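Once you've had a glance at the structure underneath, I'll fire off some questions.
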Amino acid sequence: MARDRNADIDFAGPVRRILIVVLALALSATFLLWRIDSPRVERFRAALVDKVVPNMDWALLPVTKAVGMVEGFRSYARIHEQNTELKRELQQMKAWKEAAVQLEQQNAKLLAQNQVRLDPQLTSVSGVVLADSGSPFRQSVLLNVGSRDGIVDGWATMDGLGLVGRISGVGNSTSRVILLTDSTSRIPVTVQPSGQKALLAGDNSAAPPLEFLENPEQVRPGDRVVSSGDGGVFPAGLLVGQVAQGADRRLRVRMSADYERLDFLRVLRSHPAERITDAGVLIPPEVPPAVPVEPGAEAPAASETEAGG
């Protein structure tokens, strides 16, 4: 069987060598063309660039897209780092805000309270909240002031921001405060600016309801609630809180006092109002009407006092 001589001839080697030589010549010519310093060659290079480069946009498009993706990824990484840093700073700011609020409340309480142990001649006595000793009252606290400090049963207590409750039980060195939120607490209040009178009834919740409102349609959420002073329970004008509408559509009071942080309480010295029984010098006493005397009848005998005069 005859062999095919064409099968033994290798055409790939010579073609490869020819292509390499042609590529080397082309690169050499391009190098020489870009290195020659001549006005003609410069104009030729400019014309060549104008002809070739605009037509190579399709070849540069993948490179441009890849560069854009890399830049976008770097930008996304920077944005992610900035977002993480902002979240960290926001968390720190929240902590600073909470600390500022606590300091503001504590400052307001301390400004409203002059001393922990005050002279009985002053208008208030301040004490430290100890704990709830566990009594029939569901919501009450103990103070470290008592009868030795002049505390009297029924006096109002405040935390520097709003009314908290009243004294209900006095010992020698401690006293109990029943809170306004307790279910047994009932105090008369006034809603401002409408001037509506109501009864704040504790129900063991953070926002006790308003009862027996004269005209509920005149009361709006956000109105201030202060003690009315009716019945001599509390002095008038003490801030209690603000009106809010609960989930049950009832008008309730959002307390101004911070019941979660009752550290100090100020006991207000209040005395029952003095009743005036005398008429005074400007109002003369009543004179009994004169009894008419019929003709022929004897005049009534003078009283022993008149006779003595």
Side-chain angles (χ1 to χ4, degrees), residues 98 101-102 104-113 124 126-127 129 132 135-143 153-169 175-270:
E98 181 65 22
V101 170
Q102 294 180 4
E104 181 181 3
Q105 294 177 351
Q106 186 176 5
N107 187 33
K109 295 176 182 178
L110 295 178
L111 288 177
Q113 300 165 358
S124 64
S126 298
V129 176
D132 190 351
S135 70
F137 301 122
R138 295 185 180 179
Q139 296 196 16
S140 60
V141 295
L142 288 179
L143 293 180
D153 209 8
W155 281 359
T157 58
M158 302 185 68
D159 71 339
L161 300 177
L163 191 61
V164 173
R166 67 176 182 270
I167 300 295
S168 178
S175 58
R176 175 174 298 281
V177 178
I178 178 174
L179 305 182
L180 298 183
T181 55
D182 188 83
S183 59
T184 61
S185 175
R186 301 288 189 276
I187 65 168
V189 295
T190 302
V191 181
Q192 297 177 346
S194 61
Q196 297 297 311
K197 299 298 182 69
L199 194 69
L200 180 65
D203 60 350
N204 294 323
S205 66
L210 287 173
E211 296 182 352
F212 305 108
L213 272 169
E214 297 175 350
N215 297 311
E217 63 276 2
Q218 297 184 10
V219 178
R220 299 288 183 270
D223 292 349
R224 297 178 73 244
V225 179
V226 298
S227 59
S228 65
D230 295 339
V233 180
F234 290 136
L238 300 180
L239 179 62
V240 177
Q242 293 182 341
V243 177
Q245 192 169 28
D248 54 356
R249 312 299 296 177
R250 297 179 65 185
L251 292 177
R252 295 179 174 269
V253 177
R254 185 184 300 110
M255 311 301 289
S256 297
D258 189 1
Y259 283 83
E260 295 181 358
R261 297 183 179 89
L262 292 180
D263 300 325
F264 304 93
L265 289 184
R266 184 161 54 103
V267 183
L268 303 182
R269 300 180 184 276
S270 59

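These figures come from a predicted structure and were not determined experimentally.
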Mind running side chain to side chain contact (heavy atoms under 4.5 Å, CB included) on M255 and L180 for me, showing each step along the way?
CA-CA 9 Å; M255 311 301 289; L180 298 183; 3.7 Å; yes

How far apart are the closest heavy atoms of P208 and T181, and which atoms are they?
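Looking at all heavy atoms of both residues, the shortest contact is CD-CG2, 4.2 Å.
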
So which of V267, V129, L265 actually passes side-chain contact (heavy atoms from CB on, under 4.5 Å) with V164?
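By the side-chain contact (heavy atoms from CB on, under 4.5 Å) criterion, V164 pairs with just one of V267, V129, L265: L265.
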
Do you know the tightest heavy-atom contact between A156 and L238?
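Scanning both residues, the minimum pair turns out to be CB-CD1, 4.2 Å.
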
Got a second to check how far D263's CG is from D159's CG, nearest 0.5 Å?
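Reported value, rounded in 0.5 Å steps: 9.5 Å.
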
Can you tell me how far the OG1 atom of T184 sits from the CD atom of Q139, to the nearest 0.5 Å?
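The OG1 atom of T184 sits 9.5 Å away from the CD atom of Q139.
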
Set of residues satisfying side chain to side chain donor-acceptor pair (under 3.5 Å) with respect to D203, sequence neighbours excluded:
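Expected list: S205, R252.
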
Test side chain to side chain donor-acceptor pair (under 3.5 Å) applied to Q192 - qualifying residues, sequence neighbours left out
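Side chain to side chain donor-acceptor pair (under 3.5 Å) list for Q192, sorted by chain: R224.
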
Looking at CZ of R166 and CH2 of W155, how far apart are the two atoms once the value is rounded to the nearest 0.5 Å?
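Rounded to the nearest 0.5 Å, the CZ-CH2 separation comes to 15.5 Å.
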
Would you say the side-chain atoms of T157 pair up with the backbone N or O of G165, donor to acceptor, closer than 3.5 Å?
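Side chain of T157 to backbone of G165: a pair is present.
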
Between D230 and K197, is there a salt bridge with N-O shorter than 4.0 Å?
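Here K197 pairs with D230 in a salt bridge, since their nearest N and O are under 4.0 Å apart.
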
Should we count CZ of R254 as having more than 12 external heavy atoms under 6.0 Å?
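No, because the 6.0 Å sphere around CZ of R254 holds 12 heavy atoms or fewer from other groups.
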
Would you check if the side chain of N204 reaches a backbone N or O of D182 as a donor-acceptor pair within less than 3.5 Å?
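No.
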
How many angstroms lie between CD1 in I187 and CZ in F234, if you round to the nearest 0.5 Å?
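That separation rounds to 5.0 Å.
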
Is any NZ, NE, NH1 or NH2 atom of the basic residue among D258 and R261 found under 4.0 Å from an Asp or Glu carboxylate oxygen of the other?
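Looking at D258 and R261, the cut-off is met.
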
Atom CE in M158, atom CG in L163: separation rounded to 0.5 Å?
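Rounded to the nearest 0.5 Å, the CE-CG separation comes to 6.0 Å.
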
Can you see which heavy atom on G202 is nearest to which on R186, and at what distance?
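Looking at all heavy atoms of both residues, the closest pair is O-NH1, 3.5 Å.
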
Quick one: closest heavy-atom pair of S256 and G241, and the distance?
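For S256 versus G241, the nearest heavy atoms are OG-CA, 3.2 Å.
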
For S228 and P188, indicate whether the former's side chain and the latter's backbone hold a donor-acceptor pair under 3.5 Å.
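Looks like yes, one N/O pair under 3.5 Å.
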
Which atom pair, heavy atoms only, marks the closest approach of Q218 to S194?
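Residues Q218 and S194, closest heavy atoms: O-CB, 3.6 Å.
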
Would you sort out whether L210 and V189 count as a side chain to side chain contact (heavy atoms under 4.5 Å, CB included), showing the intermediate values?
CA-CA 9 Å; L210 287 173; V189 295; 3.8 Å; yes

Considering only heavy atoms from C-beta outward, does the side chain of E211 approach that of R250 to under 4.5 Å?
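Sidechains of R250 and E211: in contact.
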
CG of L213 to CG of L199: how many Å apart, nearest 0.5 Å?
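With rounding to 0.5 Å, CG (L213) is 9.5 Å from CG (L199).
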
Exercise: identify the closest heavy-atom pair between P209 and L200:
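Scanning both residues completely, I find the closest heavy atoms to be O-CD1, 3.6 Å.
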
Under the criterion side chain to side chain contact (heavy atoms under 4.5 Å, CB included), I'd like the reasoning laid out for Q245 against R220: C-alpha separation, chi angles, the key distance, then a yes or no.
CA-CA 9 Å; Q245 192 169 28; R220 299 288 183 270; over 6 Å; no

Can you list the steps and then say if R176 with S168 is a side chain to side chain donor-acceptor pair (under 3.5 Å)?
CA-CA 5 Å; R176 175 174 298 281; S168 178; over 6 Å; no

